[in-house]
Amino acid sequence: KPQENRLTDLGPRHFWEFFPPVIQENYGKWLYHDILEPGILAHVSETGAKVYTVRCGAARFMTVQHVREICEIADKYCKGYVRFTTRNNIEFLVDSIEGLEALKKDLESRKFAGGSFKFPIGGTGAGISNIVHTQGYIHCHTPATDASSMVKAVSDELFEYFKGMTLPAKLRVSMACCLNMCGAVHCSDIALLGYHRKPPIVDHEYISKLCEIPLAIAACPVGAISPDKTESGKKTVKIKSERCMFCGNCYTMCQALPLSDQEGDGVTILAGGKISNRISDPKFSKVVVPWLPNSFPRFPEVVENVKKIVEAYAKGANKYERLGDWAERIGWERFFEQCGLEFTEHLIDDYRLAYDTWRTSTQFKF
Amino acid sequence: KPQENRLTDLGPRHFWEFFPPVIQENYGKWLYHDILEPGILAHVSETGAKVYTVRCGAARFMTVQHVREICEIADKYCKGYVRFTTRNNIEFLVDSIEGLEALKKDLESRKFAGGSFKFPIGGTGAGISNIVHTQGYIHCHTPATDASSMVKAVSDELFEYFKGMTLPAKLRVSMACCLNMCGAVHCSDIALLGYHRKPPIVDHEYISKLCEIPLAIAACPVGAISPDKTESGKKTVKIKSERCMFCGNCYTMCQALPLSDQEGDGVTILAGGKISNRISDPKFSKVVVPWLPNSFPRFPEVVENVKKIVEAYAKGANKYERLGDWAERIGWERFFEQCGLEFTEHLIDDYRLAYDTWRTSTQFKF
Amino acid sequence: KYEIPKLDELEKGPWPSFVSDAKQEALRRRKLSDDQILTHRDAVEDLLGQLELSFDEGETHWKHGGIVGVFGYGGGVIGRYSDLAEKYPSIAMFHTIRVNQPASKFYSTDFLKTICDMWEYRGSGLMNLHGSTGDLVLLGTTTEQLEPIFYELGHVLDTDIGGSGSNLRTPACCIGKARCEYACYDTQALCYELTNYYQDELHRPAFPYKFKFKFDGCPNGCVASIARSDMSFIGTWRDDIRIDQDAVKAYIAGDIVPNAGAHKGRDWGKFDIQKEVIDLCPSKCMSLEGDQLVIDNSECVRCMHCINTMPKALKPGVDTGISILLGAKAPILDGAQMATLMIPFMKAEAPYDNIKEFVEKVWEFWMEEGKNRERLGELMQRVTLPKFIETIGLPPAPQMVKAPRSNPYIFWKEEDVKGGWNRDINDYRSRHKR
Amino acid sequence: KYEIPKLDELEKGPWPSFVSDAKQEALRRRKLSDDQILTHRDAVEDLLGQLELSFDEGETHWKHGGIVGVFGYGGGVIGRYSDLAEKYPSIAMFHTIRVNQPASKFYSTDFLKTICDMWEYRGSGLMNLHGSTGDLVLLGTTTEQLEPIFYELGHVLDTDIGGSGSNLRTPACCIGKARCEYACYDTQALCYELTNYYQDELHRPAFPYKFKFKFDGCPNGCVASIARSDMSFIGTWRDDIRIDQDAVKAYIAGDIVPNAGAHKGRDWGKFDIQKEVIDLCPSKCMSLEGDQLVIDNSECVRCMHCINTMPKALKPGVDTGISILLGAKAPILDGAQMATLMIPFMKAEAPYDNIKEFVEKVWEFWMEEGKNRERLGELMQRVTLPKFIETIGLPPAPQMVKAPRSNPYIFWKEEDVKGGWNRDINDYRSRHKR
Ligand code: SRM
Ligand code: SRM
Ligand code: SRM
Ligand code: SRM
Ligand code: SF4
Ligand code: SF4
Ligand code: SF4
Ligand code: SF4
Ligand code: SF4
Ligand code: SF4
Ligand code: SF4
Ligand code: SF4
């Protein structure tokens, strides 16, 4: 009786149980808010109540030790409640200014043994919030780069923008370690993406044991895989390398087709995407740096290129103007110039809807 | 010796021979121009010379008799020179104001026996110029409607806009009688397009004699044609009707696949295209009325719908704003409302690059 | 346990270091008494060791996931094995468990602490707060611990695991009414309701592929639903933006800082309502008449800009509801898609029967027509939008597209064309000689 | 000869009636003496009769064109036969001849009158001024008249026929320097030069499909080259717009009517340079400083708007040349294409060797790679833009695209990737166990 005594289909806990009293009492009654300083929000309710939120950066890869520390803080200042944002920041909510000051002081004082902040306050308004990301070498089998390390390296460099609100608008940086793009990376102001550049190796002797060959063949979006036989007569596949675009979908379907390679794998940078419908429509990020090497652990090339883009944007964009809107206003030709990036043939679309990206106008800048 | 005494590869006559003196003398020296009144241009040269142009509407289907009359006028007023515009208007050039007045009077006085003007003056500035068009039933084998008659009917109705300059900007109407679109119809403010709605009939008994069957099969962009045999064993093709999009390309390649049909054929109206790079990029016209019947000879339904669009545009658009820019500014949902046109499922793209037309935003108007 | 010079580099710099954090847990696990820990004591150390090696070799050392899970469920657990099990035995098996997060991710510390204790005892002590979909992700345990963990989640924590595989994935929402004045519907309530109502779809894969719901309270899109959910619910309104003209004046006078202070870090000069709001309005439907701000609401596209910029003066209307957009997904296979507006407006009120009805119509079609591993968005592209809306019974609306088609390749149906398609060549030839 | 009630309807209304015109010629042909007319006297009447019948039946009565032409040429004549030859014998054969128009379509009346006489004598007396491509089209003659007509065109009129079939089609240009102050290069001269230089390509089809050149003197595009030519030449400049500040002041003062009077027909109010010019500039690179108009020319995209609006004050720069765009075409097969910017700037000066060199590179590639009936634009789509520019030797430039790609599906080449693509599974497995 395996089902005996099992509780299934409980679903998540009801959200109401986890709301601090001030949230329960003012649910749906909020009137407006204020960002008191970077990382500190004040929301005012029609009941007159106020709630102060302290937003702290976090590596979303956390140990139970760290979570316990979060709980300890929440117990001390926040009546035992805490929340996490959609970008993996931690939010501590208090309902008085005094509580707020004490909490802030406490948070800022906490550092890891290695010296980094445990709870840096920031991530609000016109700045850079936490970099959402994926598993990388920590847990996934398909990555073309590592996630946590790159995010740490880039976040260190962008720290001033996390702590400040000095940009023209929000700037969202996201990271994914392969083209599966576990996240909204494809619509980020700046997206860092791990990807392969070598076609899969076929594990000829084992593929027929490990995989359903027809599924592997069908998985290829560009039809680069076809059935084949080994010399010994075993079923296998062959890959038309010159057709392959290294998407890795075949490997997802069949483990006998690994792509990873130290020299092949690396990072591409996309820019100019957004999610919000504010002023302009949501849009996709565009590839602006075709490839950078995986220089573990601190990815200096990636960091440098991100920095270039952020700084050019900070300098050039208008207030409220998202990165992609800025690039469109000045023209992509200027974007490359102002960011000091090279335009290469790799950046010209050659996939399915490519025609729609061609310039069919004489409006351009020299 | 068939080549004997033949002159070949002469090319066209050199343009210089056909320029009136004032043009030869001021070639490349023009400083500016003025539209004195609808249809009358004055160009001023750095030499101080002026040339006055009188632009007249014309049915580009002309008889030698009419051309002789044009020549007679040109001989009388224009030193024996005349030109035609890229939209099939006639331009008479004179170099003095006196000549201009006499010429105008003469032109306006000439009418065909049936009562229509021979040389209506107009077609300049922010108005509607001549409707460029194609052969239709007068000379082509693939039309889905007639050209000259529809153009005459619509031009009669739009006559006031040809004679005036009362619109926000130029408005170009174009017409083509089948999807081959012999002209720049696909980038016109308003495009009238004849098209079929029944799949080809296969002339089974004759197709193998009349056509190269593989070419006919290959001609179909959507793969709706496949090889087949008649009962008597002759090679033929079959058409998957539900796949056919009535483009007529198979008929172009093979006369044994006619599409024309009195009930199936008709007219679609497209709107919002443009050519010039002024302010906004050139753009394609969009289908806004999926189908109207071929009501020969005066196409009342087509005329009515064109009128609706022109009037809504005249009312709603800003100065300098082309029709498509207006539609984009107010939103296509408003365009349909303001023109009193119905939005149907036929207007939603389902061809190759369709995804790029989907609304991926919450910005819309109710 | 290992030399990890590269990882040590990642302890430097101000941003919270996951390496430092992992090291503190590694240390702690060494010290834990045996009854406090049931799985591998040096799992964290082995993980760091393998990670360092991955940096050296530039390749991951995780094998292709195996199929593991809890009884009766088709998802919620991702199997994971090291390809260097001999070298790093403690992470030979390193499965993750996706715990369905509470809507908008508020927690009581009780709940979190209980999870921590359980997870130190039965797992690696490593987790993600949160996974990209929204789950609370527990990283790394062995196959034998899966059932006990599931048992404890249910019996002790009164909670469930989330989705993975070809099923409904754990839905997620923005903070909405809990702390946001812009929320146009109750994102938490709808998220919770649909999660629970569709538990079967969440736990027992019967779909062609994964399916994601996400709930944004307004067009600002704080949970990014438009980019990453097969069905995206975005709050909106269809009446008028509420204006407090006095507050408008205060903004103009410079008494209130614009955009709730989001730009405080730089001196952008005095607030200029014309340049900063009216001129940037995408539908150009605002104007100042004297000192009154006038909005032509019928032309407003509800982009939120004016409201975001002057939150004390402007609020969304009161006749609120949702827009539903369909088909967002990541690039595999045909390239990324954003969600497409399918229902411009619908009310969103409990018990949400209208929404459930729509959800089920879409699923029905997808389950019938969708190929294996075909996301909804890809199916929409394949069958085309006109056919898709016809099948799910939506009337065509210009709101669904940016612009009408530019090609004239309309697929007419036989019944739409007078006389039908069956024609006789002899009849034709009676009029037209060969 | 026939009752044509429907056509009679088309005599009404103000616009020049082609029916009235045709009737006058029909009448005239009846009266012509036999030595003035060599072909069918009632060709016009038969044409009108057949047209009326087409209206009744809603179908054309022209057969699929046959292959006719003049000796040694592969184009310039379109064969045409009626499918009701018995009913309308005079138009049983009704071929058209495309006469290559002079650049920008100026004529001496001598030339036109000679054509008219010839065409009344040897053809139907009906013509198109002009065809959509630009030719002077003679509508309707018999096969036997083709050679004599060609002879007369050459020997009497010193002119040639144009293109049809898979060859270079008759090039066409805007009026340009002949009467337009905006022309940035000599459109007539370049059109004439390339037409004559490529006579062989024009007359002897050796291409995969048709190929069209069109020449616009500036971005206004009066010959619509961007929409309908495989190779579109559009004038532009790379230095500064010339400004006459006094004239600017006169515009502002209302002393000069804007846009050369193009909007005279309606009262649009007083000219407002800010609203009508500066705000509409797509690159927002203009401003008024005091009463001086300032243009940041490096940001100007040369859209012509300001120049069009204030032609007495502004002029294109003096370092002029052309942009070359490739691949425009009508919808068959893959949907319409507009021309794509391939060469942002090139000088255009006689003898135009740089241009010819480019033309030939493009043709070489198209003739090698293009499939039967594949237009250049379709070939570009098929081989992709990056490969296309590589093959014809153009360096990649951001000007070629509206925006960089959004998908990360980059086709790397083996030589670009360190270590190449040949890898050994055993080497891989030495690091990664199965
Ligand atoms: C807490 C959070 C919701 C949650 O459920 O967790 C949230 C909260 C708020 N968002 Fe957001 N947004 C949150 C993720 C997002 C996202 C999603 C993302 O980044 O992945 C977006 C879409 C980003 C994009 O377009 O790429 C987002 C786009 C916005 C915008 C539009 C900004 C724009 O310029 O386009 C606003 C309006 C504004 O900032 O004035 C907004 C406004 C707000 C307000 C002011 C709403 C309110 O009245 O309380 C909140 C504080 C803003 C702040 O941080 O400055 N929120 N917001 C998320 C915090 C993430 C973080 O830790 O940084
Ligand atoms: C005569 C002609 C060139 C020729 O070689 O024959 C010509 C002549 C002039 N064009 Fe044009 N355009 C001519 C066809 C075109 C076309 C092509 C077409 O319509 O097929 C276009 C592109 C239309 C489009 O975008 O769809 C065209 C777009 C322009 C524009 C841009 C207008 C705009 O608002 O987008 C201008 C600028 C302006 O009007 O101020 C312009 C300006 C001019 C000027 C003012 C140039 C000048 O300084 O002399 C000429 C008189 C304009 C007028 O008619 O008001 N011309 N012009 C053509 C007359 C056609 C006709 O009979 O109506
Ligand atoms: C854990 C997580 C990343 C993370 O670090 O947070 C994740 C991890 C994986 N994703 Fe994902 N995806 C995760 C959120 C996403 C998202 C974001 C979202 O849901 O908002 C996306 C983009 C949105 C979408 O669904 O399109 C995403 C798009 C994919 C895809 C591409 C699907 C597509 O149609 O393009 C795959 C490939 C596949 O399904 O075969 C994929 C596949 C995978 C697999 C199962 C690897 C595979 O090839 O089978 C990864 C397992 C890694 C591991 O060992 O833990 N994952 N994946 C996220 C789930 C955590 C959670 O439940 O909260
Ligand atoms: C006569 C003319 C229409 C007119 O009334 O003016 C014409 C007439 C025909 N065109 Fe055209 N085309 C004419 C200009 C055009 C243009 C406009 C242009 O050149 O600027 C286009 C659009 C631009 C382009 O080239 O894409 C055009 C695009 C087509 C197409 C579609 C080609 C495509 O790639 O999409 C076809 C179909 C074909 O080639 O099989 C076509 C085919 C034809 C054929 C030969 C019919 C056929 O299917 O074989 C027509 C012969 C009619 C007849 O009996 O006279 N015609 N054709 C134009 C040539 C006159 C001249 O030489 O001046
Ligand atoms: S992005 Fe790719 S490598 Fe990274 S977690 Fe997702 S599936 Fe794994
Ligand atoms: S990586 Fe992608 S493109 Fe290459 S063979 Fe595999 S599935 Fe095909
Ligand atoms: S548009 Fe079609 S029907 Fe009309 S002339 Fe061209 S090919 Fe013939
Ligand atoms: S009309 Fe077009 S779609 Fe239909 S069968 Fe012929 S070629 Fe194919
Ligand atoms: S999406 Fe809207 S309602 Fe939800 S948190 Fe963001 S701003 Fe508030
Ligand atoms: S919400 Fe956006 S569109 Fe509506 S009035 Fe405000 S700024 Fe304009
Ligand atoms: S394209 Fe430019 S140069 Fe040529 S006629 Fe038109 S406005 Fe003048
Ligand atoms: S030509 Fe166009 S882009 Fe250049 S300054 Fe004038 S209006 Fe602006």
Side-chain angles (χ1 to χ4, degrees), chain B residues 7 9-13 15 18 23 27-28 30 32-35 43 59-61 63-67 71 74-75 80 83-84 86 112 114 116 125-126 137 141 143 148 152 155-156 159 164-166 179 181-184 186-187 221 249 255 260 262 275-279 282 294 296-297 319, chain D residues 6 9-11 13-18 20-21 24-25 54-55 58-60 62 64 100 102-103 105-109 112-113 116 120 125 128 132 154 159-160 177-178 181 188 195-196 199 219-221 223-224 226-228 260-263 265-266 268 303-305 311-312 330 332-333 336:
Chain B
L7 291 170
D9 300 280
L10 293 175
R13 286 277 280 278
F15 50 92
F18 293 147
I23 297 295
Y27 195 77
W30 301 104
Y32 62 85
H33 73 284
D34 244 319
I35 307 179
H43 282 79
R60 66 152 201 173
F61 173 90
T63 68
V64 291
Q65 268 308 85
H66 193 60
V67 178
C71 291
D75 283 341
R83 90 170 280 263
F84 297 84
T86 60
F112 282 112
S116 62
Y137 294 164
H141 63 291
S148 315
K152 163 71 175 146
S155 299
D156 281 343
F159 198 64
M165 303 192 294
T166 56
L179 299 198
M181 284 199 193
C182 299
H186 52 292
C187 299
N249 199 43
Q255 59 191 102
S260 315
Q262 183 158 29
I275 297 291
S276 83
N277 291 278
R278 183 180 191 170
I279 305 177
N294 274 337
F296 303 108
K319 192 175 174 190
Chain D
K6 292 208 168 92
E9 281 296 308
L10 295 170
E11 292 200 86
W15 187 256
S17 167
F18 71 99
S20 300
D21 187 7
Q24 75 173 351
E25 176 68 13
S54 296
F55 287 176
E59 285 165 5
T60 188
W62 297 110
H64 217 273
N100 195 333
K105 299 174 190 153
F106 277 87
Y107 291 97
S108 70
T109 51
L112 280 181
K113 284 185 271 189
C116 287
E120 199 159 50
N128 284 149
S132 298
T159 203
D160 206 342
K177 288 188 186 289
E181 67 270 33
Q188 280 94 343
T195 306
N196 284 277
Q199 280 289 302
N220 280 333
V223 77
I226 203 167
R228 55 194 188 114
H263 297 82
R266 201 200 284 192
W268 291 94
C303 81
M304 295 295 297
H305 174 62
K312 284 194 191 159
I332 305 296
L333 307 170

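Predicted model, so just to flag it, every value in this text is computed and none were measured. Here is the naming used below: chain letters follow the sequence lines, and residue numbers restart at 1 for every chain.
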For [X] and [Y], which heavy atoms make the closest approach, and how far apart are they?
X: D/L333; Y: B/P221; result: O-CB, 3.9 Å
X: B/H141; Y: D/T60; result: O-CG2, 3.6 Å
X: B/C71; Y: D/L112; result: SG-CB, 3.6 Å
X: B/D156; Y: D/W15; result: OD1-N, 2.8 Å
X: B/L10; Y: D/D160; result: N-OD2, 3.0 Å
X: B/W30; Y: D/E181; result: O-CB, 3.3 Å

[X], part contacting chain D, at a heavy-atom distance under 4.5 Å:
X: B/Y27; answer: both
X: B/H33; answer: both
X: B/H186; answer: side chain

Pick from [options] with the largest number of heavy-atom pairs that fall under 4.5 Å of chain B:
options: D/S54, D/P102, D/A330; answer: D/S54
options: D/K177, D/M304, D/Q199, D/H64; answer: D/H64
options: D/E11, D/K113, D/Q188, D/K6; answer: D/Q188
options: D/G221, D/C303, D/A227; answer: D/C303
options: D/G261, D/G154, D/P219, D/P311; answer: D/P219
options: D/K105, D/E120, D/E9, D/R228; answer: D/K105

Atom CG of D/N196 and atom CG of B/D9: how far apart are they, to the nearest 0.5 Å?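 It is 9.5 Å, given to the nearest 0.5 Å.
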[X] side chain to [Y] main-chain N or O, any donor-acceptor pair under 3.5 Å?
X: B/Y137; Y: D/W62; answer: no
X: B/R83; Y: D/F106; answer: no
X: D/S132; Y: B/C182; answer: yes

Which atoms of D/R266 come close to chain B, meaning under 4.5 Å heavy atom to heavy atom: side chain ones, backbone ones, both, or neither?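 Backbone plus side chain of D/R266, per the 4.5 Å heavy-atom cut-off to chain B.
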Is it the backbone or the side chain of D/L10 that comes under 4.5 Å from a heavy atom of chain B, or both, or neither?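 Both backbone and side chain.
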Under a 4.5 Å heavy-atom cutoff, which of [options] has the most pairs with chain D?
options: B/V67, B/I279, B/L179, B/N294; answer: B/I279
options: B/Q255, B/H66, B/K152; answer: B/K152
options: B/M165, B/Q262, B/R13, B/R60; answer: B/R60
options: B/I275, B/T63, B/I35; answer: B/T63
options: B/S276, B/G114, B/G125, B/S116; answer: B/S116
options: B/A59, B/G28, B/G80; answer: B/G80

Classify the ring geometry of D/F55 against B/F296: parallel below 30°, tilted from 30° to 60°, perpendicular beyond 60°.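 Rings of D/F55 and B/F296: parallel, under 30°.
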Is D/E25 close to B/V64 at the side-chain level, that is, under 4.5 Å between some pair of heavy atoms?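 The answer is yes, as the side chains (C-beta and beyond) meet within the 4.5 Å cut-off.
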Measure the shortest side-chain to side-chain distance between B/F112 and D/Q24 over non-hydrogen atoms and say whether it is less than 4.5 angstrom.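 A side-chain contact under 4.5 Å exists here.
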